[in-house]
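What follows is a short report on a single structure.
Hydrogens, waters and symmetry mates are skipped; everything else that's a heavy atom, side chains included, is used.
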Amino acid sequence: GDGWPKSECVSAYAAEKYPLVIIFELHEVHNESCGGDPQTSPRITSVIVNVKTGEVYDQPTLIDTVDQGWKIIEIEGKDYQVTKKLR
């Protein structure tokens with residue numbers, strides 16, 4: 001009950017690959033079992049995976065608000081705005 005769709009109702013693809021991080025886009029899957037409009041696949045969020053450490057960070061969406069504790073992390077000389085480390 002954390003507000004996330006079932007895993008089979010989420011699709012992920014590697015949007016950007018760097019030597020140390022891969023940024024994945026997560027989108028909703030809309031079909032008969034997941035529900036929703038099959039013509040659409042709304043973006044849920046992006047996640048940043050540090051391939052060296054295995055750490056996974058959630059990149060905020062426009063819907064997220066400041067009170068979720070955004071912070072800036074630097075990987076490979078790039079600043080990423082993230083909310084929290086995901087398990």
Point to revise | Set of ring-ring contact (aromatic ring centres under 6.0 Å, His included) partners for His30, sequence neighbours left out | key: none
Check your understanding: In a check of side-chain contact (heavy atoms from CB on, under 4.5 Å) between Ile22 and each of Asn50, Val51, Val47, Ile48, which one passes?
Key -> Val51
Exercise for review: Please examine the side chains of Ile23 and Tyr18, heavy atoms only from C-beta on, and report whether any two atoms are closer than 4.5 Å.
Suggested key: yes
Practice item. State whether the number of non-hydrogen atoms from other residues, nucleotides or ligands found under 6.0 Å of Glu74 atom CD is greater than 12. Key: yes
**Study point:** Short side-chain donor-acceptor distance under 3.5 Å, Glu28 and Ser41
**Key:** no
Point to revise | Exercise: identify the closest heavy-atom pair between Pro42 and Thr40 | key: CD-C, 3.8 Å
Practice item. Report whether Val56 and Leu26 are members of the same hydrophobic cluster (ILVMFWY, side-chain heavy atoms less than 4.5 Å apart, transitive linking). Key: yes
